[in-house]
Amino acid sequence: MKAVSLFMDVEDPINPLADDAALDFPRLFADQGVRGSFCLTGEKCRTLKQRSRIDVAEAYKPHALGLHTNRHSFHPTTMELLADLSFDEGCEAAYSEERQGFEAFCDLFGRNPIFWGGGGNTWSPEITDTLKRLGVPAYAYAMTELPDHAVHEFNGVLALPQALSISETDWADDRRASEAVERVLRSIETIDQPWIGVFVGHPTKFRHNEYWDKPYYFGRTPAEPEFVQPVSDDVYKRSKYNLREFLGRIKEIYRVIGVDDTVRMDWRFETPSTEDFAHFESRTSASLRGATGWPPHRLGLSADKIVDKTMNLKHTLRRATLS
Ligand SMILES: [Zn+2]
């Protein structure tokens with residue numbers, strides 16, 4: 001039976017309702033008997049600790065948990081930090097940044113993150129060096145890419161692609177939600193992979209009608225916290241209801257596992273084919289160049305050096321298959 005992991009990102013340290021939203025979703029998954037794969041920023045871990053939200057931290061403990069970068073959209077983002085550095089300089093800079101997130105995560109949960117997930121659309125290959133140094137075995141939402149969403153290894157770290165997603169705008173509308181659910185269930189069937197990653201949203205974006213990091217767009221850092229507007233309680237309830245129905249349905253069809261169990265699957269690593277390498281080169285380069293347009297990124301950010309550094313590690317690429 002195919003395995004599926006369901007991801008949510010928890011990252012809003014600003015808006016007052018965000019902590020309560022962060023509490024609702026791990027409980028919603030647990031109520032449905034589904035283990036989620038939740039990705040929390042170091043900054044979110046620090047704020048939950050400062051606000052003594054032990055209830056929130058406890059609610060996440062039954063799930064698979066990852067680090068969603070140290071500070072996500074705060075500047076410099078991962079790409080802004082590493083775009084102009086040599087690979088060796090970048091390894092030191094990435095480690096010194098992400099180690100802070102790792103420590104905040106371990107301090108809150110009393111355990112290590114099992115994976116790392118890039119913020120929004122930002123990444124550079126030095127992250128894989130950091131993950132090895134921190135003992136984090138996998139990265140999710142991989143910007144490195146093989147055909148058909150295949151799991152792979154890059155620079156010695158397991159890379160998990162996000163094949164499918166359902167947006168908060170879809171969850172908020174019954175008709176859109178049901179169409180999105182049908183699309184995702186059909187697509188899982190047609191993707192010929194033993195494991196498939198599905199992203200189902202951000203607690204804070206279920207609760208608010210804008211992304212929390214809008215004040216940080218285009219390289220900006222506001223002097224004081226700026227808030228975004230919440231959606232109505234009715235819309236929030238409706239969205240959660242639709243997600244709950246989906247969880248009840250997908251667990252009857254597929255084996256829904258946390259990323260900790262994904263990492264422990266019996267992966268074998270093979271040298272990629274010529275076609276795999278060609279796909280990797282063209283698609284990974286295009287994704288990295290496209291990522292400079294992620295709204296928080298400063299204008300004029302160039303991915304040239306990040307693409308070069310990534311391609312210099314092409315020889316470490318392995319296709320992951322199950323034995
Ligand atoms: Zn995020």
Side-chain angles (χ1 to χ4, degrees), residues 1-12 15 17-40 56 59-60 62-64 66 68 117 119-121 140-141 149 160-191 193 195-214 228-259 262 294-295:
M1 192 195 258
K2 263 182 207 178
V4 174
S5 293
L6 303 176
F7 292 85
M8 288 194 93
D9 287 352
V10 185
E11 55 190 53
D12 178 355
N15 290 282
L17 292 175
D19 293 350
D20 290 335
L23 177 61
D24 288 345
F25 289 85
R27 286 185 171 172
L28 188 152
F29 272 67
D31 287 349
Q32 289 292 50
V34 174
R35 280 191 82 228
S37 297
F38 292 95
C39 204
L40 295 96
V56 182
Y60 281 99
H63 300 286
H68 191 33
N121 213 358
Y141 320 138
H149 312 288
L160 302 171
Q162 177 201 311
L164 299 164
S165 66
I166 300 179
S167 75
E168 295 85 354
T169 326
D170 288 332
W171 293 123
D173 178 288
D174 289 351
R175 189 182 55 81
R176 287 185 60 156
S178 109
E179 285 170 7
V181 164
E182 296 310 323
R183 168 180 56 81
V184 161
L185 294 176
R186 263 196 321 272
S187 302
I188 294 173
E189 200 51 51
T190 52
I191 297 172
Q193 296 295 335
W195 174 88
I196 293 167
V198 182
F199 183 71
V200 297
H202 313 73
T204 186
K205 189 65 171 51
F206 273 74
R207 199 68 190 87
H208 298 93
N209 58 19
E210 300 273 13
Y211 282 106
W212 69 273
D213 58 1
K214 205 175 176 202
V228 292
Q229 288 301 311
V231 298
S232 71
D233 290 349
D234 281 350
V235 167
Y236 185 49
K237 272 188 203 145
R238 173 60 43 196
S239 303
K240 284 192 293 183
Y241 176 84
N242 286 328
L243 174 60
R244 185 191 312 268
E245 292 291 293
F246 170 68
L247 296 181
R249 215 169 137 200
I250 194 167
K251 74 173 184 184
E252 297 302 326
I253 313 175
Y254 297 107
R255 196 160 61 89
V256 182
I257 61 173
V259 165
T262 308
W294 181 46

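For reference, positions follow the sequence shown, starting with 1.
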Side chain to side chain contact (heavy atoms under 4.5 Å, CB included) involving Ile257 - partner list, sequence neighbours excluded = Ala3, Ser5, Trp195, Arg255, Asp261, Thr262, Met265
ask   = Is the shortest distance from a Lys or Arg side-chain nitrogen in Arg175 or Glu179 to a carboxylate oxygen in the other one below 4.0 Å?
value = yes
request  = Indicate the atoms forming the closest heavy-atom contact of Val34 with His63, along with that distance.
outcome  = O-CE1, 3.5 Å
key: Sequence-distant partners of Gln32, side-chain hydrogen bond (donor to acceptor under 3.5 Å, both in side chains), two or more places apart   = none
key: With Tyr236 via side-chain hydrogen bond (donor to acceptor under 3.5 Å, both in side chains) - residues at least two apart   = Asp24
key: Distance, nearest 0.5 Å, that separates OG1 of Thr169 from CZ of Arg176   = 5.5 Å
request  = Determine, stepwise, if the pair Tyr254 / Val198 fulfils side chain to side chain contact (heavy atoms under 4.5 Å, CB included).
outcome  = CA-CA 12 Å; Tyr254 297 107; Val198 182; over 6 Å; no
remark   = side chain to side chain contact (heavy atoms under 4.5 Å, CB included) test vs Ile188 passes for just one of Thr190, Ile191, Val184, namely Val184
message = Could you work out, with salt bridge (charged side-chain N to carboxylate O under 4.0 Å, His left out) as the rule, every residue matching Glu189, not counting sequence neighbours?
response = none
ask   = Can you name the residues that form a side chain to side chain contact (heavy atoms under 4.5 Å, CB included) with Asn242, not counting sequence neighbours?
value = Trp171, Asp174, Ala177, Arg238
inquiry  = Suppose we screen for salt bridge (charged side-chain N to carboxylate O under 4.0 Å, His left out). Which residues come up paired with Lys214, at least two apart in sequence or across chains?
reply    = Glu210
task = Report the distance from atom NE2 of His202 to atom CH2 of Trp212, rounding to the nearest 0.5 Å.
result = 10.0 Å
query = Looking only at heavy atoms, what is the nearest atom pair of Ala18 and His208, with distance?
reply = N-CE1, 4.2 Å
ask   = Quick one: salt bridge (charged side-chain N to carboxylate O under 4.0 Å, His left out) partners of Asp9, sequence neighbours excluded?
value = none
query = Out of curiosity, Lys2 NZ to Ile196 CD1, how far, rounded to the nearest 0.5 Å?
reply = 4.5 Å
Sidechain-backbone polar pair: Asn15 side chain, Val228 backbone, donor-acceptor under 3.5 Å = yes
message = My understanding is that only residues two or more places apart in sequence, or in another chain, count here; which of them pass ring-ring contact (aromatic ring centres under 6.0 Å, His included) with Phe25?
response = Phe206
request  = Using the test side-chain hydrogen bond (donor to acceptor under 3.5 Å, both in side chains), find all partners of Asp233 that sit at least two apart in sequence or belong to another chain.
outcome  = Arg207
query = In Å, rounded to the nearest 0.5 Å, how long is the span from OH of Tyr211 to NZ of Lys205?
reply = 5.0 Å
query = Rounded to the nearest 0.5 Å, what separation is found between the CG atom of Leu28 and the CG atom of Leu23?
reply = 11.0 Å
task = For Glu182, enumerate each residue passing the side chain to side chain contact (heavy atoms under 4.5 Å, CB included) test, keeping only those at least two apart in sequence or located in another chain.
result = Arg186, Arg249
ask   = Can you tell if the side chain of His149 reaches within under 4.5 Å of the side chain of Leu164, non-hydrogen atoms only?
value = no
query = Are His68 and Glu11 close enough that a side-chain donor and a side-chain acceptor fall under 3.5 Å?
reply = yes
key: Spatial distance of atom CD (Glu168) from atom CG (Leu243) [nearest 0.5 Å]   = 10.0 Å
task = Mind checking side chain to side chain contact (heavy atoms under 4.5 Å, CB included) for Gln162 and listing every partner two or more places apart, or none if nothing turns up?
result = Tyr141, Ser165, Phe199
task = Of all the heavy-atom pairs spanning Gly258 and Ala64, show the shortest one and how long it is.
result = CA-CB, 3.7 Å
message = For Glu245, give me all partners under side-chain hydrogen bond (donor to acceptor under 3.5 Å, both in side chains), at least two apart in sequence or on another chain.
response = none
ask   = Ignoring hydrogens and geometry, is there a side-chain-to-backbone donor-acceptor pair from Ser37 to Val259 under 3.5 Å?
value = yes
note = Shortest non-hydrogen pair, Ala172 vs Ser239, comes out as CA-OG, 3.2 Å
